[in-house]
Amino acid sequence: MRYSAFQILREGLTGNKRWPRMWRTPDPKTEYDVVIVGGGGHGLSTAFYLAKEFGVTNVAVLEKGWLGSGNIGRNTTIIRSNYLLEGNQPFYELSMKLWEGLEQDFNYNAMVSQRGILNLCHSDAQRDQYIRRGNAMRLSGADAIWLDQKGVREMCPFLDFENARFPIQGGLWQPRAGTARHDAVAWGYARGADQRGVDLIQNCEVTGIDVSGGTCTGVQTTRGVIRAKKVAVAVAGSSSRVMAMAGMRLPIESHVLQAFVSEGLKPVIPGVITFGAGHFYISQSDKGGLVFGGDIDGYNSYAQRGNLPVVQDVCEGGMAIMPMIGRARLLRNWGGIMDMSMDGSPFIDKTHIDGLYFNGGWCYGGFKATPASGFCFAHMLATDRPHDVAQHMRLDRFMTGAVIDERGAGAQPNLH
Amino acid sequence: MIINHPLLGPRDAAEFVYKGDVSLIDRPDGMAASLEEMHDFVHLRDNPAGAHRELWYHAYGDRSWLVVTRDTTTHEITKVELARDVARGRGRSR
Amino acid sequence: MSQKMRIDGGLIDRDTTLKFRWNDRWLTGHPGDTLASALLANGEKLVGRSFKYHRPRGIFSAGPEEPNALVELGRGAARTPNIAATTIELQDRLYAKSQNHRGPLAFDLLSVNDLLAPFLGAGFYYKTFMWPKAFWEKLYEPFIRSAAGLGALSGKADPDIYDHGFLHADLLVIGAGPAGLSAALAAGRAGARVILADEDFRFGGRLNSETYEVDNASGSDWATEVAAELSSMPSVRLMPRTAVFGTYDHGIYGALERKPDAGVGETPRYVQWRIYTKRAILAAGATERSIAFPNNDRPGVMLAGAARAYVNRYGVAPGKRMAVFTNNDDGLRTAQDLRSRGLSIVTVVDTRAGDQVTGTSGRQGLRSIVVNDTQEVEVDCLAVSGGWSPTVHLTCHHRGRPVWREDIAAFVPGPDLPPGMTVTGAANGTLSLGSILHEGHSAGMTAAAELGFTGSAGSVPTASDEEVKITPFWHVGEAKGRAWVDLQNDVTVKDIKQSQQEGFESVEHLKRYTTLGMATDQGKTSNVPGLAILADARGATIAETGTTIFRPPYSAVPIGAFAGRSRGKHFRPTRLTPSHEWSAANGADFVEVGQWMRAQWYKRPGEAGWRDSVDREVRMTRGSVGVCDVSTLGKIDIQGRDAAEFLNRVYSNPFLKLPVGKVRYGLMLREDGFAYDDGTTARLSETHYVMTTTTANAELVFRNLEFARQCLWPDLDVHLISTTDAWAQFAVAGPKSRALLSRVVDGLDLSNDAFPFMACAECTVFGGTPARLFRISFSGELAYEIAVSARYGDSMMDGLITAGQPFDAVPYGLEALGVMRVEKGHVAGAELNGQTTAQMLGLGSMVSKKKDVMGGKLAERPELARADGLRLVGLRPVDRTASLRAGAHMFEPGAPEDMAHDLGWVTSVAYSPELSHMIGLGLVKEGAARHGSTMRAFSPITEEDVMVEICSPHHIDPQGDRQRG
Amino acid sequence: MAELDFKLDAAPTLGGLDRVIGANRLVECADMALVSIAIPLGGDTELSAALSRAWQIGVPSPTRSNDSGSIRAIRSAPDQLLLLFPHSGPDAAETVATQLGDTGYVTDQTDGNVFLEISGPQTAEAMERICPIDLAPEAFPPGASARTMMEHLGVWILCLGPQSFLLWSPRSSARSFLHAIETSYHHVTGQ
């Protein structure tokens, strides 16, 4: 069924009884052309674009839990393309363009909301960095505007301009950035992939990767052996565990990042705002909740929960720039596992094992990348060549030294 | 979290700065090591889901480096040692 | 002044009357009331509107589980939205307003949504608003957003203050109901250090709302006596109004203490506590749930336990003609209680007898119910009991899952509790009072004993022990109108069934698709019925269906309370230089540099703008002599027999042969081969060195050095102490710096031969004050740095300027320092940004090939070593009057403006008073080979586009004659 | 030779603060000296001998301190001690060094810190708001000492007696440090 206002009207008048299932629940076949491990955002978008753009439909997505239970189910929904480096910016700009056509693309309203992102600036040195970055954005075809203090004040009069420990001097503004309804993105891709013949298999955990003679032949799962010409791993939060099944060690540490949401409030935050002198970013959801976060807890973890010091640090950052949120109440706070790479940038690549492909190391930038990640991973799977905009996101870059280190923090994952 | 410092007793983890896997102690000799060895030492991690021996620095305490054995799935800490002793135990000296 | 629904009894102080404001009227209540009980006493039934359909809603519960009665509390900047009236302790002059309606509460314009309900079912918005594309941003979304949310923030800075704190205890008891009180009593008597916390303002929990007796006293009297005994124990801390909201690692609990008497802006309104415990006992009780039946959301439909609470604790009649709808014995008890208080109970509908409530009427308040589709009964209040759900939240914060217990039709804590926690009483699924008291007592005694406290725990409190029988019943059959499950988010039985039909079969999918349980009450009354209905629709058992994950906080916590006092200027500490006072008194403007406040420049009368001051400071320094406080540089005292060896390993350049009395510039690489810090190290004696680091990296370098010392070479005899704050250090720069210092330093030959470039010495100044003198230069001039104990900072600055009067010595600030370093071509943070190598910075020769340099090996990687890589260059505008912009990107003239042709960027710029035009530094591909060529510095974001001449980074004195002079 | 007639004045970091909040008192200890002694690798016995020779005190165990009456020794790290004693003038390190010779590496920490003595009936309650260490008498008796974090600052705390502590923290952030202490007293006293 194609969704439309008409359908809603018709179903409404007839008791909403005929809404079809979003996707089938097939049993796994014994063999596929491509098996995608991981039914989160990147796995589902990879399946969608494989089918839609490259006509590869004999595909299974294996999900150990429920569709969308990856980090796409627990992020802070921000989409943006405001990167500095050649290895990143064109990729995220492609992602932004895909976001902009997404709903029509998969006939599902993911509520892509381009209300902009504002990176606040608090010093001359930071201004120079932001201007360098803003120029890089413009040079790659993205939008970027430099705002002086007056410009920031007009946009966000509620910020603390009088009494801030680190005064707000200006900001880097990307109007096309914004947020999207994260679960709906997963559901939309899932439905789109399913409609094109992809098997979405839930409650199917991969327990082994079959490699013989340097070639990957399939996977062992809780629902039996599944053979595949190509196995594509996109399991944010479990990358090291899954790739270890193929004997690989990765340049990745898994860390916990906490996220926060307040009760529903009437609209008060225009777009996405980030603090430049502390760890805090915030936006407001369509339902009115303040959605915010900050830095990772900073220690290896697979526990999907964090601790109090970071909760405090994040809220301190919030009060430091917008003291109006003091009386808003934190309603729910959760943790997601970030696969932090050694330079803060991701991997979309084939491995040294024929037929085994890897997509991961997204740190906390995974959600905004969902469309381009799937698109470029599909490109890699279909053509065995990296997509132009993802050509730097290679596994061997720490050997060659072609690192993509936006922060210049070096091989210390919890600093990226 | 609470880290039970072997000399000072239980301390809030907020007093510490985290570095990472204890293997960062095993720095190869830069004159002898190959590029691959040094690359692996600096970049590759086991990143286990389970017991993890990791380096913490008591920045707001006695400035000791500690080796904490912590389960990354439960955060349970089963052992805390002075990193200097661990380093000697792993054959580091001068 | 009429409280028409007030009846006798209850735990309120009738001798005192409190006035409070509700919307546009003044009403009255008494101490001991909540806002909710006071509103009911005044006959206020309609108190709010639901989220989506704007249905009229009344008070549903008597506790934090309240989904309906959310109000806006307070006025102006001090108003707080979305507070449950059932949790607000009534105070005199309290201001409260209903929310989420356009127009008056009784005539909400948006209640039109209710008529559109058939089209606004679960997830409708995912299926439309897509065409035409542009309309989403411009029309649909703004509309959805304007309808979103319940209450509103004031938009003004929160005028309240908050605090946080740290508490330590052997045992934390969470909840002061019968189980918690008996547990705390047993442990306290045994001698343990106990904290007893309860979110209510009165200890006793359900005992205050029931008619049970304990030890032959009324439940509430018993609670009062126990609280009194506990407060007499020095090792026990009682914390009423304190909600324990989160279970964190290793026995840490987060708690929020409310301070209702705090004056706005005077003392903290909330204190957020981090409680360190050895053991915890969760005695959080249970929460009653409702039954879904058609139009079960009208004002007047209320939980049965809440009805008992209003009658027994607050002395309020929830209605004049009441009925009970139940699937368990609690409902029957409710009827007894209410009748015994003279209230009229017209009917008791018990599903176990096959009876059901199949409909209701009454737009703004319940008028009648329909029983078994046929019989209409006029009532103004219906007390509903669907059974009790243990409050298991805190047991699940470590991702433990509760388990289903068929006999009580409820989830109880699972086996994998957070370490150190035990659960007791109703929270553990024990629902009869006698057993609850017994369980609590033994839990307290056991915890104390395990911790080695062996004092007598006293006897077990006794009470009757009637069990509560229940036969699960979740919702009245379909096609009889909408039956609400989540009242606040307007999720009905139909929504749940539709989402299951669309394939959202996981309980997580259900929550996310229907928003069940995601409102401010976090589904305390709706989650269990919701997943029971899902299980039914799936044809699975409730146990198979499972629950979503309970996340902290258990109850909402103000963001301000987490931030505590870290606000405004006190967000982070402020560090002042040792000469701050002197600078403040001498015209300095200060700027934040990390945590430091540093003098940017020293304004003099007649100077129009900062450039005037900075240009003057540079001219006078280069022309004669200037003084600058450089104390913010990191300083590390390094001592030991192996200190030389240690330094030789941590710096990329050789240090073994640095003689006593000499300083050397040193570069540090990260292990991945990129440069990360530079500075100077002076050798004061055979075993004593003093290192300086950049201001920004002081802590990082110290930590890395400690790592090398303790973990890489544990048997080197070397020791590190940070002395950054101990010394006031001043750069004295300019041709007259020697002359100036010779008037300051006692008896030290400063001639070029005796004290050449890169010499250092310990000496005294101004007749005997110990000092350290280094001949180093950041400005490129003949220059020194002189350090004295920090206590002399202001005085030393004064002394240096005084001694410099014959030479017109000037103090100079951070800007002039920056200008001179750009003129000289020294790298700083903008170049040493963690993305550059020694080679790129023109410091390649400082990476020794003869020793094991940290980062040396990975610096050999092809991309780092490439000959055509970035190189540090100097930049000058071809048109000397043009300005330069840091952050501009570098292009060949005429090349396309895209990343593929991007050749680098401008790192730093300054106006050079000496050259009388702007200059810059930049990192440019193959930069060394481009000296003399012309490039384009393009900055679209600032609309600047300048042709620049590439030159040596050393804009002045490239040979370094001045600093050696 | 300096022909200039100018003498340097020492300025106490907080101007010699002496303040009362409620019934509690905060005093800046201006004439306090703090000298660290790093123990040479393998030189523990020599140093402890030198310590007892010089001041009749032994090397204290971690978290505790030894007080000779004239000088107090604190174990600040596995291979490091702190000596705390009344002294004015910038030469505290020399006085220690002359006593210890080469048995320890001496560094003057006096000017790196600001010293506050706080006391009064609500002192423990005030410290509860900023100090993560358990200061209950049984856990932190007189003589107990610890370095910890208060309001983002590194702080040493030493118990002098019931409701009485000596605190020291980096000099450059002295005003923020004082603000943290004062705020705590204000919040618990309402004054």
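By convention in this document, chain letters (A, B, ...) are assigned in the order of the sequence lines, proteins followed by strands, and residues within each chain are numbered from 1.
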TODO: Give, as side chain, backbone, both or neither, the part of A:Q304 having an atom under 4.5 angstrom from any heavy atom of chain C.
DONE: both
TODO: Check the pair C:R861 / A:T400 against side chain to side chain donor-acceptor pair (under 3.5 Å), numbers first and verdict last.
DONE: CA-CA 6 Å; C:R861 291 180 291 175; A:T400 64; over 6 Å; no
Open item on the list: Taking the basic N atoms (NZ, or NE/NH1/NH2) and the acidic carboxylate oxygens, is any pair closer than 4.0 Å for A:D343 and C:R670?
Closed with: no
Open item on the list: Please classify the contact of A:Q202 with chain C as side chain, backbone, both or neither, using a heavy-atom distance under 4.5 Å.
Closed with: side chain
Task: Test: C:K569 cationic atom under 6.0 Å from A:F166 six-membered ring centre, within 45° of axis - done: no
Open item on the list: I'd like to know if A:E316 and C:R572 make a salt bridge, using a cut-off of under 4.0 Å between side-chain N and carboxylate O.
Closed with: yes
Task: Residue part contacting chain A, namely of C:Y513, when any heavy atom lies under 4.5 Å - done: both
Task: Contact class of A:S285 relative to chain C, heavy atoms under 4.5 angstrom - done: backbone
- [ ] Give a yes or no on whether a salt bridge exists between C:D249 and A:R305, defined as a side-chain N under 4.0 angstrom from a carboxylate O.
- [x] yes
TODO: Please flag which part of A:L159 lies under 4.5 Å from any non-hydrogen atom of chain C: side chain, backbone, both or neither.
DONE: neither
Task: Heavy-atom contact with chain C under 4.5 Å, split by part of A:R10 - done: neither
Task: Which atoms of C:E944 approach chain A - backbone, side chain, both or neither, heavy atom under 4.5 Å - done: neither
Task: Heavy-atom contact with chain A under 4.5 Å, split by part of C:Q272 - done: side chain
Task: Basic-acidic side-chain contact under 4.0 Å: A:R21, C:E505 - done: yes
TODO: Heavy-atom distances under 4.5 Å only: say whether C:H164 touches chain A with side chain, backbone, both or neither.
DONE: side chain
Open item on the list: Taking side chain as everything from C-beta outward and backbone as N, CA, C, O, which of these in C:F245 sits under 4.5 Å from a heavy atom of chain A? Side chain, backbone, both or neither.
Closed with: side chain
- [ ] May I have all residue pairs that pass salt bridge (Lys or Arg N to Asp or Glu O under 4.0 Å) and include part of residues 116-125 of chain C, sequence neighbours excluded?
- [x] none
TODO: Sort C:R269 into side chain, backbone, both or neither according to what part of it lies under 4.5 angstrom from a heavy atom of chain A.
DONE: side chain
TODO: Below 4.5 Å from any heavy atom of chain C, which atoms of A:A164 appear? Answer side chain, backbone, both or neither.
DONE: backbone
Open item on the list: Quick check: closest heavy atoms across A:L85 and C:M899, and the distance to 0.1 Å?
Closed with: C-CE, 4.2 Å
Open item on the list: Under 3.5 Å, is there a donor on one side chain and an acceptor on the other for A:R407 and C:Q835?
Closed with: no
Open item on the list: Is C:I252 in contact with chain A via its backbone, its side chain, both, or neither, using a 4.5 Å heavy-atom distance?
Closed with: side chain
TODO: Select one option (side chain, backbone, both, neither) describing which atoms of A:I145 are under 4.5 Å from chain C's heavy atoms.
DONE: backbone
Task: Residue part contacting chain C, namely of A:I321, when any heavy atom lies under 4.5 Å - done: neither
TODO: For this output row, return yes or no: ring centroids of C:F550 and A:W334 closer than 6.0 angstrom.
DONE: no
Open item on the list: Taking A:G68's backbone N and O only, do any of them form a donor-acceptor pair with C:H509's side chain (distance below 3.5 Å, no angle check)?
Closed with: no
Distance-only check: which donor-acceptor pairs under 3.5 Å involve side-chain atoms of residues 259-266 of chain A, not counting sequence neighbours?
from: A:S262; atom 1: OG; to: A:L290; atom 2: N; distance (Å): 2.9
from: A:E263; atom 1: OE1; to: A:R329; atom 2: N; distance (Å): 2.7
from: A:E263; atom 1: OE2; to: A:R329; atom 2: NE; distance (Å): 3.4
from: A:E263; atom 1: OE2; to: C:N82; atom 2: ND2; distance (Å): 3.4
from: A:K266; atom 1: NZ; to: C:N100; atom 2: OD1; distance (Å): 3.1
from: A:K266; atom 1: NZ; to: C:A148; atom 2: O; distance (Å): 3.1
from: A:K266; atom 1: NZ; to: C:G149; atom 2: O; distance (Å): 3.2

Open item on the list: Need one label for C:D521: side chain, backbone, both or neither, based on atoms under 4.5 Å from any heavy atom in chain A.
Closed with: neither
Open item on the list: Report which part of C:A78 has an atom under 4.5 Å of a heavy atom belonging to chain A: side chain, backbone, both, or neither.
Closed with: both
Open item on the list: Is A:M399 close to chain C through its backbone or its side chain, or both, or neither, when contacts mean heavy atoms under 4.5 Å?
Closed with: backbone
Task: Considering all heavy atoms, the nearest C:Q501-A:W19 contact - done: NE2-O, 2.8 Å
TODO: Please state whether the side chain, the backbone, both or neither of A:R24 comes within less than 4.5 Å of a heavy atom of chain C.
DONE: neither
Open item on the list: Once rounded to the nearest 0.5 Å, what's the spacing between atom CG of C:N833 and atom CZ of A:R132?
Closed with: 6.5 Å
TODO: Give, as side chain, backbone, both or neither, the part of A:A303 having an atom under 4.5 angstrom from any heavy atom of chain C.
DONE: backbone
